[in-house]
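Heavy atoms only: backbone and side chains are in, while hydrogens, waters and symmetry mates are out.
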Amino acid sequence: METHSSSSSSSFSTLQSYLQALAQTPRRLARRAPSVSSSYEELSRVKARSGSDMQRTLRWFDLVGLGIGGMVGAGVFVTTGRASRLHAGPAIVVSYAIAGLCALLSAFCYTEFAVHMPVAGGAFSYLRITFGEFAAFLAGANLITEYVMSNAVVSRGLTSYMGAAMGISTTKWRFILPLLPSGFNEIDLVAPAIVLILTLIICYSTRESSVVNMILTTLHILFIAFVILMGLWKGDWNNFTHPGNPQHPSGFFPYGASGVFSGAATVYLSYIGYDAVSTMAEEVRDPVKDIPIGVSGSVIIVTILYCLMAASMSMLLPYDMIDVEAPFSAAFSGRSKWVARVIGVGASFGILTSLLVAMLGQARYMCVIGRSNVVPAWFARVHPKTSTPVNASAFLGIFTAAIALFTDLNILLNLVSIGTLFVFYMVSNAVIYRRYVMVGTTKPWPTLSFLCLFSLTSTIFTLVWQFTPPGKPKPFLLGACVVIAISILQVFHCMVPQARKPAFWGVPFMPWLPSISIFLNVFLLGSLDGPSYVRFGFFSALAVLVYVLYSVHASFDAEIEGSLGQKNVEIVEESKQSEEEEDPSQKV
């Protein structure tokens, strides 16, 4: 164990201090990486590191608006065509319903944590109180990286949709710098301008940001309603069962059940965005009432909208004639060009709202990560006048604008969000772990063994589904995996009692619903392409490097300073922690 004398100064005060800290990295990793915070600490001491508090001004309808705005972006205008043409056919409606159910199960897990601990950290805070600092940092780093890079790409995509809506080519406002390498030489001045304007809005006020989002979301929903009505009016019911080419499979389920589930895996990415709502929990007026309605309500509404849009598209054209890249615009272009242009305007509003909500979420993630001292505490500051995390918002906004200015990130244009799915998987595991494990009271190994075995079985099922050729062995292997998974789940349910019950709101049918969420997230992760895993591995390795070289030492310094400066209030804090049945020996 390191002595206080060797650690009384900052690890970064001098080069010699830093080199000494690096020499002690293994000890510090063993101490800090698995260290678990408590919900009391997250709501008190950790939260106080931001200085001023965020104002609680949001109600359930604000959260519903933010959830819809975050989810209904450009994804539905792209993934629907690909999933219908290549996987599900007219049964894309069922695929959207299945994907909506998956999203709702993950939303339940987020809601239990957000109600119990209404802080701005979202998944980062949830994992920090269950699996420790390192797991939380790895998840948070991947989320922020994905937010920033995806927002940069989305903002460049917005300029394309705006150009299509106005009948202007994007070459009019983009120009080439030949001195820069290919992929970084197409300068877009409009995209960073949009990002910076949104940055000013979210820095000014969360309430005003919600109002702007509500206006844009309302306009977007009106456009979606227009698309649905036009499709139902001009469409043909026969297209639900008859392909354009008689040689192609016919019927409502042309590719069978496997096609429906493959389609669900493809369109599930259109639901990503509700997780940003959980980062607004610290600014909700009545978390116990507003968060369950806001998160679950937005997922249910979006599921209904998506199913109606899919039905509308399926009525307009036979599934084998749907354009993979721009299904709705192409479906209307042969009938009414002005309708196709209106769709471009509606898609622009959708991209704008998803960009706004994502930028709100990324700033709050960075703010709470700053509170934990694994990144500089400067990011944690909340401005006393605006009650918003101005530092984190401005830094990430400028960084996003810089990337959007010159970078064409083609690898992200397929709307894949592997980091987000990975975090969904982790949160589903965390909600089970927290229900069944209480530090100092129950042993964690039965729960950890169950989670590992269930994840392994889900992974084997996914690999069999993806790589085993059609034939008699495949259904048998899949069925065996299902039986084993259910058996593992039932044994755990009967043998291991819950260690705690949620005081306000909890996921029903524990552990069945979170386990289904784990399985579905593993299954969806298995449907992603190889480059996505390469990118995920690269950024995860980069995050580990940052943690080893900086974060663990900054966190260790903060722990020592906190333990020396909090002696007078330690007894009070430990008594409050014991009321929550947390282990008082774990320090932040």
Side-chain angles (χ1 to χ4, degrees), residues 68-69 71-100 161-162 164-167 215-246 248-254 260 263-264 266-267 270-271 298 300-354:
I68 295 174
M71 283 182 277
V72 187
V76 67
F77 291 95
V78 178
T79 58
T80 305
R82 183 180 295 111
S84 180
R85 178 79 177 263
L86 304 179
H87 300 295
I92 184 65
V93 179
V94 182
S95 296
Y96 265 114
I98 294 172
Y161 274 97
M162 290 172 59
M166 295 184 290
I215 294 172
L216 294 174
T217 299
T218 301
L219 293 173
H220 188 210
I221 290 178
L222 290 176
F223 279 106
I224 289 177
F226 171 79
V227 171
I228 293 171
L229 292 175
M230 290 295 294
L232 296 177
W233 176 37
K234 293 181 174 290
D236 185 355
W237 289 94
N238 290 324
N239 289 334
F240 273 123
T241 54
H242 295 81
N245 186 341
H248 291 162
S250 61
F252 186 71
F253 299 94
V260 173
T266 302
V267 302
S270 300
Y271 287 91
S298 61
I300 292 172
I301 293 173
V302 167
T303 300
I304 295 173
L305 290 175
Y306 281 170
C307 289
L308 291 174
M309 289 184 71
S312 171
M313 184 194 66
S314 298
M315 289 182 63
L316 283 170
L317 285 175
Y319 77 89
D320 57 345
M321 296 177 62
I322 292 174
D323 188 284
V324 173
E325 299 300 328
F328 291 96
S329 296
F332 281 107
S333 60
R335 302 166 182 260
S336 304
K337 290 187 177 180
W338 67 272
V339 175
R341 186 162 292 184
V342 167
I343 291 174
V345 175
S348 299
F349 281 120
I351 296 173
L352 202 56
T353 57
S354 64

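- Of all the heavy atoms in Gly244 and Asp320, the pair that sits closest is N-OD1, 2.7 Å.
- Here the closest non-hydrogen pair linking Pro254 and Ala88 is CD-O, 3.6 Å.
- Here Ser84 pairs with nothing under the side chain to side chain donor-acceptor pair (under 3.5 Å) rule; sequence neighbours left out.
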**Prompt:** Can you list the steps and then say if Thr353 with Val72 is a side chain to side chain contact (heavy atoms under 4.5 Å, CB included)?
**Reply:** CA-CA 8 Å; Thr353 57; Val72 187; over 6 Å; no
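- Taken to the nearest 0.5 Å, the OG1 atom of Thr217 stands 9.5 Å off from the CG atom of Leu352.
- Distance check, rounded to the nearest 0.5 Å: CD1 of Ile228 to CG of Leu305 gives 6.0 Å.
- Between Thr80 and Met313, the closest side-chain pair of non-hydrogen atoms falls below 4.5 Å.
- Contact between Gly263 and His87 at its shortest, heavy atoms only, is N-CB, 3.8 Å.
- Considering CG of Leu229 and CD1 of Ile224, their distance stands at 12.0 Å, rounded to 0.5 Å.
- With Tyr271 contributing its side chain and Tyr96 its backbone, the two residues share a donor-acceptor pair below 3.5 Å.
- Closest non-hydrogen pair, Arg85 versus Met321, comes out as NH1-C, 4.2 Å.
- Taken from CG in Leu216 to CD1 in Ile68, the straight-line distance is 13.0 Å, to the nearest 0.5 Å.
- For the residue pair Asn239 and Met315, the shortest heavy atom distance occurs at ND2-O, 2.7 Å.
- Of the possible polar contacts, one joining the Ser312 side chain to the Val227 backbone as a donor-acceptor pair under 3.5 Å is found.
- Annotation for Ala99 and Val267: closest pair CB-CG2, 3.9 Å, computed over non-hydrogen atoms.
- With hydrogens and angles ignored, the 3.5 Å screen pairs a side-chain donor or acceptor of Ser95 with a backbone N or O of Val260.
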**side chain to side chain contact (heavy atoms under 4.5 Å, CB included) between Tyr306 and Val302, worked out** = CA-CA 6 Å; Tyr306 281 170; Val302 167; 3.4 Å; yes
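- Remark: His242 pairs with no residue by the side chain to side chain donor-acceptor pair (under 3.5 Å) rule, at least two apart or across chains.
- We find the CD1-CD1 distance between Ile98 and Ile92 to be 10.0 Å, quoted to the nearest 0.5 Å.
- In this structure, the side chains of Ser314 and Tyr319 stay at 4.5 Å or more apart for every pair of heavy atoms.
- Applying the ring pair (Phe, Tyr, Trp, His ring centres under 6.0 Å) criterion to Phe253, with sequence neighbours excluded, gives no partner residue.
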